[in-house]
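This report refers to the structure that appears directly beneath it.
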Protein chains: 2
Amino acid sequence: MVSARRGEILEAALEVLADRGFKGTSIDAVAECAGLTRQGVLHYFPSKTRLLLEVLDLRNALNREHLADRNVGEDWAGDFAEAVAFEQDHPSLARMQCVVLAEAVTGQEPARGYVRDRCRTVQDHLAGHLAARYGDRLPSGLDTRTGAIALFALIEGVHQLWLADQDGEDHYPEVVREVLSVLLGDSAVPAVKG
Amino acid sequence: MVSARRGEILEAALEVLADRGFKGTSIDAVAECAGLTRQGVLHYFPSKTRLLLEVLDLRNALNREHLADRNVGEDWAGDFAEAVAFEQDHPSLARMQCVVLAEAVTGQEPARGYVRDRCRTVQDHLAGHLAARYGDRLPSGLDTRTGAIALFALIEGVHQLWLADQDGEDHYPEVVREVLSVLLGDSAVPAVKG
DNA sequence: GTCTATACGTCGATAGAC
DNA sequence: GTCTATCGACGTATAGAC
């Protein structure tokens with residue numbers, strides 16, 4: 001039903017957004033990248049804002065699809081390391097997300113609501129899963145809610161660091177795995193002491 | 001020596017940048033906020049880019065100034081909690097930083113170099129301090145370098161979460177303190193087990 | 001493809017201080 | 001009479017809308 005063109009435009013928009021952010025993106029640039037004219041783009045998406053929101057949805061879909069392949073929850077540290085690796089294998093997705101979310105922190109950007117919702121649902125999700133498995137406190141002694149916040153912050157922060165300096169450190173998935181195993185308090189990982 | 005005007009313009013620029021990001025900021029808006037015209041601003045700062053860079057320097061100066069008041073290193077978890085609290089007491093600084101850094105992830109933004117340098121120097125700094133105190137491994141078993149990365153990522157991530165949803169959770173400084181005490185492995189903090 | 005809006009940066013001008 | 005602070009007007013580029 002959705003024409004192939006629509007998909008192509010979304011792909012093109014993802015690239016341009018990743019490269020220039022929302023404010024910096026012109027419909028012309030998206031159109032050129034997709035091989036049609038501005039009017040062609042506006043035929044499928046009524047406005048730049050709607051286009052952005054659909055790209056964000058696309059990203060969500062891709063992420064969920066990827067996670068669905070794993071048996072999430074058996075190996076938390078591994079799951080998160082994998083999620084980080086996935087982002088790093090798809091730099092456009094990662095950059096788009098980072099830039100657009102930050103822009104949304106700003107005044108009245110269209111993605112503001114999206115960002116707030118995402119922030120809350122991800123935290124609730126994490127807290128729910130952790131509580132289901134560990135109860136009120138993680139084995140490390142951390143409060144479950146605190147742990148969920150820390151996990152989320154850590155992942156977001158790692159993405160930012162990686163994007164800020166892609167020539168630097170690139171063992172982030174491994175870093176995440178080790179840190180998580182300490183935070184959770186499982187000792188399923190080589191947390192070699194002294 | 002620098003005229004008072006200059007300072008006023010920097011202050012105004014900080015506000016506007018925090019509110020609209022770099023791309024969204026017009027010299028006109030800064031000028032209006034500072035009570036003069038675009039040309040007046042351009043008299044003190046040759047370009048929008050230079051203005052941005054000076055605002056980033058200003059932020060650095062403020063941060064250093066604030067940290068100089070503490071006896072940094074005696075209580076790591078406390079230091080970081082304090083740093084987070086400081087940011088939250090100065091929302092303009094925090095938002096400006098977050099938005100501008102994220103924009104810099106993008107193509108050829110002026111702050112790109114600044115961000116990469118900051119990323120490296122902060123990590124090196126942290127790693128150096130941690131190594132000086134703990135050696136190759138933290139008491140928690142984490143590798144020192146890994147710990148430094150995790151600390152930095154955690155702080156950056158927490159800022160982002162806070163900015164994304166300021167109506168949500170607001171115990172971030174406390175969260176940071178608790179998480180750090182687990183990551184480092186000091187048990188100087190109520191990490192109540194079971 | 002044209003219209004309109006906005007924004008950057010330059011040029012020349014004015015007015016006061018030294 | 002030159003230096004500093006500021007302004008108005010202009011040229012150009014880009015983006016969104018129809």
Side-chain angles (χ1 to χ4, degrees), chain A residues 5-6 8-56 95-96 99-100 102-104 106-112 114, chain B residues 1-58 95-96 99-100 102-104 106-114:
Chain A
R5 259 295 153 62
R6 237 186 107 85
E8 287 168 24
I9 295 172
L10 282 172
E11 286 251 341
L14 172 62
E15 293 304 320
V16 178
L17 286 168
D19 211 56
R20 311 201 200 169
F22 179 64
K23 285 225 184 67
T25 291
S26 72
I27 304 184
D28 279 326
V30 174
E32 183 187 344
C33 181
L36 36 67
T37 68
R38 176 168 62 249
Q39 286 89 355
V41 172
L42 288 172
H43 171 68
Y44 293 95
F45 304 90
S47 71
K48 189 177 152 183
T49 295
R50 282 298 302 272
L51 180 53
L52 168 69
L53 294 177
E54 295 223 25
V55 170
L56 288 172
R95 286 208 301 198
M96 189 274 291
V99 179
V100 168
E103 278 181 306
T106 269
Q108 57 307 307
E109 286 300 298
R112 185 147 186 81
Y114 172 93
Chain B
M1 309 312 68
V2 277
S3 84
R5 270 283 193 234
R6 238 186 106 85
E8 287 168 25
I9 294 172
L10 282 172
E11 286 251 342
L14 172 62
E15 294 303 320
V16 178
L17 285 169
D19 211 56
R20 310 199 199 173
F22 178 64
K23 285 225 185 67
T25 291
S26 72
I27 304 183
D28 279 324
V30 174
E32 183 187 347
C33 182
L36 32 64
T37 68
R38 170 169 67 257
Q39 293 83 353
V41 172
L42 287 173
H43 172 69
Y44 293 95
F45 305 90
S47 72
K48 189 179 153 183
T49 296
R50 284 295 304 271
L51 179 54
L52 169 69
L53 295 178
E54 295 224 25
V55 171
L56 288 172
D57 286 345
L58 170 65
R95 286 209 303 197
M96 189 274 291
V99 179
V100 167
E103 277 180 307
T106 268
Q108 57 309 307
E109 286 300 300
R112 187 149 185 76
Y114 173 93

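Everything numeric here is computed off the predicted structure, so don't read it as measured data. Residue numbers begin at 1 in each chain, while the letters A, B, ... track the order of the sequences.
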Requested in this report: Taking only Lys NZ, Arg NE, NH1 and NH2, and the carboxylate oxygens of Asp or Glu, determine whether Glu103(A) and Lys23(B) approach each other closer than 4.0 Å.
Outcome: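 A salt bridge is absent here (no side-chain N lies under 4.0 Å from a carboxylate O).
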Report summary line: Heavy-atom contacts, protein to nucleotides 1-18 of chain D, under 4.0 Å, summarised as B (base), S (sugar-phosphate only) or - (none) per nt, yield ----BBBBBB----SSBB
Query raised in the report: Between Val99(A) and Phe22(A), is any pair of side-chain heavy atoms under 4.5 Å apart?
Result: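 Val99(A) does not reach Phe22(A) side chain to side chain.
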**Report entry** Heavy-atom side-chain contact between Leu10(B) and Leu51(B) under 4.5 Å
**Finding:**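 Yes. Closest side-chain heavy atoms under 4.5 Å.
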Query - End axis versus end axis in the helix from dG1(C)-dC18(D) to dC18(C)-dG1(D), the angle rounded to 10°, five pairs used at each terminus - result: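 Both end axes considered, the difference amounts to 10°.
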Requested in this report: Specify the closest pair of heavy atoms between Val55(A) and Met96(A), including all atoms of both residues, with the distance to one decimal.
Outcome: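 Minimum heavy-atom separation between Val55(A) and Met96(A): CG1-CE, 3.7 Å.
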**Report entry** Distance (rounded to the nearest 0.5 Å) between Leu36(A) CG and Glu8(A) CD
**Finding:**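 One finds 8.0 Å between CG of Leu36(A) and CD of Glu8(A).
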Requested in this report: Find the distance between CD1 (Ile9(A)) and CG (Leu14(A)) and round it off to the nearest 0.5 Å.
Outcome: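 If we round to the nearest 0.5 Å, Ile9(A):CD1 and Leu14(A):CG are 13.5 Å apart.
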**Report entry** Residues which pass salt bridge (charged side-chain N to carboxylate O under 4.0 Å, His left out) with Arg20(B), listed by chain and number, not counting sequence neighbours
**Finding:**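 Once residues adjacent in sequence are excluded, Arg20(B) has no partner under the salt bridge (charged side-chain N to carboxylate O under 4.0 Å, His left out) criterion.
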